[in-house]
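One structure is given here, and the rest of the page talks about it.
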Amino acid sequence: VDGLHAALAAVDEAWAGAVPPFGTHVEGDPSAQVGELSDPGLLALLRAVGALTQRAEAFNALLAAELAARSPAGKRVGNLARTAGHATPGRLVAAARGGRIGRAVELVTVGQGTSARRTHTGEALPPAHPHVAAALHAGTISVDAAHLIITALDGLAARVEGAAVDATETDLVRQATHLPLSLVGRAVKHAVAALHPAGLVAHEADLRAARTLTLREDHSGMLHLRGAFDPESGAPIRAVLTAYTTARLRDARGHNHPGTTAAGWWGWRRVPPRSCRPTP
């Protein structure tokens with residue numbers, strides 16, 4: 001909570017330094033007020049709000065984990081989520097946030113991995129991922145980075161020596177404090193491959209086994225293509241599609257068709273993957 005207060009105070013300070021000396025000329029319209037901010041002030045405020053969001057998400061993860069602890073699966077009596085009218089803790093968290101169930105599940109996972117624990121006799125234990133917990137609560141890594149690290153290391157815990165997992169967690173947290181999330185994902189993948197090469201090979205084999213391709217022609221003669229490809233098989237397909245759409249887009253611009261996109265030429269578009277995370 002102290003971290004939240006500090007982050008909120010930083011937002012107030014950034015706002016005060018970003019607005020014009022005599023204040024904004026509009027009232028009640030946030031977008032118009034933001035439009036009057038100076039360039040340096042806008043950047044400072046963006047960073048401050050980002051830090052506040054990061055702190056809020058970290059605190060939300062702790063709340064989600066506590067909610068999950070008070071909502072044991074299979075119990076109707078003494079289940080806080082069910083008492084509040086929701087089938088699972090994840091659904092209650094999603095409803096409270098007004099967000100996706102997948103994101104709520106991530107918050108529960110991160111909260112469970114970074115919360116202090118107790119034995120059956122009441123003895124205090126450190127979090128399952130103490131290095132992630134320390135960085136998350138200090139506001140130096142995001143919930144997204146914490147989730148990447150936690151899920152990867154949890155999958156290795158039963159197959160890799162504990163000291164090696166702990167050292168890897170320390171290194172990944174160090175990298176996550178200064179790398180963008182996309183590179184944190186790469187670092188996690190490389191760390192998992194180094195700790196458990198056989199697991200990476202098995203994962204790649206599973207991806208290859210899950211490949212699918214369906215091609216059909218409808219009554220009008222249109223061909224419908226649908227498929228799923230592992231990264232190795234998908235790379236040349238992506239390259240061909242990218243080259244084709246880029247060429248058609250250049251043709252369109254060369255013939256003075258403003259606003260025409262590659263998708264407009266032949267209807268191809270990228271569809272973001274759907275979340276397949278389980279509901280806790």
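In this chain, residues are counted from 1 in sequence order.
Without hydrogens or angle criteria, S71 side chain to A68 main chain gives no donor-acceptor distance under 3.5 Å. For the pair R55 (side chain) and D2 (backbone), a donor-acceptor distance under 3.5 Å is absent. E217 places no side-chain N or O within 3.5 Å of a backbone atom of M222 that could act as its donor or acceptor partner. Between the side chain of H137 and the main chain of A133, a donor-acceptor pair closer than 3.5 Å is present. Distance alone, capped at 3.5 Å, places no donor-acceptor pair between the E169 side chain and the L153 backbone. Side chain of T170 to backbone of D166: a donor-acceptor contact under 3.5 angstrom is found. Within the 3.5 Å criterion, the main-chain N or O of P126 finds a donor-acceptor partner in the side chain of R117.
Counting heavy-atom neighbours within 6.0 Å of R70 CZ, excluding the residue itself, gives a total of 12 or less. D39 CG: 12 or fewer foreign heavy atoms inside a 6.0 Å radius.
Rounding to the nearest 0.5 Å gives a distance of 8.0 Å between CG of D218 and CG of L223. Going from atom CG of L42 over to atom CD of E36 covers 13.0 Å, rounded to the nearest 0.5 Å. Here the CG-CG distance, from L4 to L52, works out to 6.5 Å after rounding to the nearest 0.5 Å. Annotation: the span from E57 atom CD to L107 atom CG amounts to 5.5 Å, rounded to 0.5 Å. With values rounded to the nearest 0.5 angstrom, H131 atom NE2 is found 14.5 Å from L136 atom CG.
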- Message: Does Q175 form a side-chain contact (heavy atoms from CB on, under 4.5 Å) with V184? I'd like the steps, not just the answer.
- Response: CA-CA 7 Å; Q175 295 186 65; V184 174; 6.0 Å; no
- For T109 and H147, run side-chain contact (heavy atoms from CB on, under 4.5 Å): C-alpha distance rounded to whole Å, both residues' side-chain angles, the deciding distance at 0.1 Å, then the answer. CA-CA 7 Å; T109 300; H147 184 258; 4.1 Å; yes
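Side-chain contact check for R97 versus N60: some heavy-atom pair is nearer than 4.5 Å. Using a 4.5 Å heavy-atom threshold, the side chains of W15 and Q33 count as touching. In this structure, V49 and T53 have side chains that are in contact, with non-hydrogen atoms separated by less than 4.5 Å. Inter-residue side-chain proximity for I101 and R91 is flagged as met; some heavy-atom pair is nearer than 4.5 Å. Side-chain contact between V34 and L45 is absent, with no heavy-atom pair separated by less than 4.5 Å. Residues T214 and H224 fail the side-chain proximity criterion, which asks for heavy atoms closer than 4.5 Å. For the pair D144/R103, a side-chain contact is recorded, criterion being any heavy-atom separation below 4.5 Å from C-beta on. Side-chain contact between P127 and S115 is absent, with no heavy-atom pair separated by less than 4.5 Å.
The hydrophobic cluster containing V11 does not contain L43, counting ILVMFWY residues as joined when their side-chain heavy atoms lie under 4.5 angstrom apart, directly or transitively. Each of L46 and L8 belongs to its own hydrophobic cluster when Ile, Leu, Val, Met, Phe, Trp and Tyr are linked at side-chain heavy-atom distances under 4.5 angstrom.
For the pair A81 and P89, the tightest heavy-atom approach, listed with the atom from each and the gap, is CB-N, 3.8 Å. Contact between A152 and V192 at its shortest, heavy atoms only, is CB-CG2, 3.8 Å. Closest heavy-atom contact between A84 and L92: CB-CD2, 4.0 Å. Nearest heavy-atom pair across R100 and A94 is O-CB, 3.9 Å.
Side-chain N/O atoms of T114 and H129 include no donor and acceptor closer than 3.5 Å.
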